[in-house]
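Worksheet: the structure to be examined is printed underneath.
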2 protein chains.
Amino acid sequence: MKLIQIYQCLCDETRLRILNLLRGGELCVCHIQEILGARQVRVSKHLAYLRAHGLVAVRREANWMVYRLPDRPSKDLSANLACLQDCLAESPIFGRDTARLRRLKSRFEETSPICCAKKARISDSSRRGAA
Amino acid sequence: MKLIQIYQCLCDETRLRILNLLRGGELCVCHIQEILGARQVRVSKHLAYLRAHGLVAVRREANWMVYRLPDRPSKDLSANLACLQDCLAESPIFGRDTARLRRLKSRFEETSPICCAKKARISDSSRRGAA
DNA sequence: AAGTTATATGCCGATTGGGGTATATACGTC
DNA sequence: GACGTATATACCCCAATCGGCATATAACTT
């Protein structure tokens with residue numbers, strides 16, 4: 001029952017916040033970390049959990065692991081993410097996260113979704129391996 | 001975060017099956033038990049869990065506890081139950097449960113939602129206490 | 001009151017979840 | 001190769017979950 005795996009992922013606030021952030025596009029771990037204000041281990045573990053349950057996908061970009069929602073989410077997942085988005089619409093915590101995300105994105109908008117613009121440019125030239 | 005409580009309830013198959021059944025109207029414990037083919041303790045405990053998290057409501061009818069979905073579900077709950085129904089639409093397990101429910105209901109259709117029609121009539125006359 | 005039926009609860013054992021610290025791994029730089 | 005940075009993993013502790021057995025509770029029956 002894949003559906004249950006989805007619900008298992010959704011019953012933790014940190015994971016909900018991560019999924020909420022990823023709706024805005026892919027993000028590296030340290031950005032998630034920064035926005036959530038959580039320690040690295042915690043974020044990393046929750047991402048591992050989400051990954052193991054098929055709720056997120058990853059690619060490596062130089063030193064960074066860049067997480068995103070699955071490219072072809074199942075019907076169940078799409079439905080539940082949509083439902084989640086709906087439920088979160090008025091939540092202050094999630095609104096704050098989204099606002100922080102926007103501000104953070106404006107810092108590296110034209111470069112890459114990963115941390116530091118300078119390093120991002122370097123990895124741009126080594127990106128041939130990326131999907 | 002009420003939403004998380006909802007997801008906590010949804011991440012167990014037995015509970016999903018129970019909620020699926022209750023969409024068809026209120027049911028007493030032993031009917032749920034019969035349809036799921038699960039032991040009494042297990043059903044009772046999951047119902048207690050659902051009750052503690054506000055996903056179901058109960059009333060007593062004579063000897064029986066009759067469970068139902070909340071009368072005024074929150075926006076989040078409604079949304080998720082709708083989403084759940086959608087996701088479950090083609091699931092064989094849940095379809096089988098629903099079929100069993102229909103057959104079982106035809107056995108006491110004009111009487112009461114509780115177990116035995118004969119006893120149901122008796123408790124009908126003592127129903128003044130019910131909400 | 002004693003017996004029966006329907007349901008809930010206490011306790012146990014096994015498993016999972018979540019947070020933390022410390023450490024490993026992977027990659028890039030020098 | 002030595003070092004730094006980003007991320008993952010191993011291990012520990014504690015709390016929650018799930019299933020089962022045994023028992024309690026509540027209502028009805030006689």
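Values below: every heavy atom of this structure, side chains too, minus hydrogens, waters and symmetry copies. Naming convention: chains lettered A, B, ... in sequence-line order (proteins, then strands); numbering from 1 in each chain. Just so it is clear, the structure is predicted and the values come from calculations on it, not from any experiment.
- Between A:R39 and A:Q33, the side chains place no donor N or O within less than 3.5 Å of an acceptor N or O (distance only, hydrogens not considered).
- Residue A:R15 has its side chain nearest to C:dG17 when only D:dG19, D:dC11, C:dG17 are considered.
- B:Y67 does not carry B:R51 over the face of its six-membered ring by the limits of under 6.0 Å from the centre and within 45° of the normal.
- In this structure, the side chains of B:V56 and B:L19 come closer than 4.5 Å at one or more pairs of heavy atoms.
- Contact of A:Q40 with D:dA6 (side chain to base): no donor-acceptor pair of N or O atoms is detected under 3.5 Å.
- Atom CD in A:E61 sits roughly 11 Å away from atom P in D:dT7 (whole-Å rounding).
- Within the 4.0 Å cut-off from OP1 or OP2 of C:dA6, not a single side-chain nitrogen or oxygen of B:Y67 is found.
- We find that CZ of B:R59 is positioned 16 Å from C1' of D:dA26, with the value rounded to whole Å.
- Rounding to whole angstrom units, CZ of residue B:R42 and C1' of C:dT9 are separated by 18 Å.
- Between the CZ atom of B:R60 and the P atom of C:dT5 there is a distance of 17 Å, given to the nearest Å.
- B:V41 comes within 4.0 angstrom of a base, heavy atoms only.
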**Study point:** Evaluation steps, side chain to side chain contact (heavy atoms under 4.5 Å, CB included), between B:N20 and B:L84
**Key:** CA-CA 8 Å; B:N20 177 53; B:L84 175 64; 5.9 Å; no
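- Look at NE2 on B:H53: it is 6 Å from P on D:dT17, rounded to the nearest Å.
- The nearest heavy atom of DNA chain C to A:R39 and to B:N63 marks one nucleotide each, and the one closer to the 5' end goes with B:N63.
- As a whole-Å value, the separation of B:W64 CH2 from C:dT4 P is 17 Å.
- Proximity of A:Y49 to the phosphate of C:dG18: no side-chain N or O atom is located under 4.0 Å from OP1 or OP2.
- Rounded to an integer number of Å, the gap from CG of B:L50 to C1' of D:dC18 is 14 Å.
- A:Q8 has its CD atom 13 Å from the P atom of D:dT17, to the nearest Å.
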Practice item. Apply the test side chain to side chain contact (heavy atoms under 4.5 Å, CB included) to residues B:I6 and B:L10: give CA-CA distance (whole Å), side-chain angles for both, the deciding distance (0.1 Å), then the verdict. Key: CA-CA 6 Å; B:I6 294 176; B:L10 298 183; 4.0 Å; yes
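- The phosphate of C:dG19 (OP1 or OP2) has a side-chain N or O of A:H46 nearer than 4.0 angstrom.
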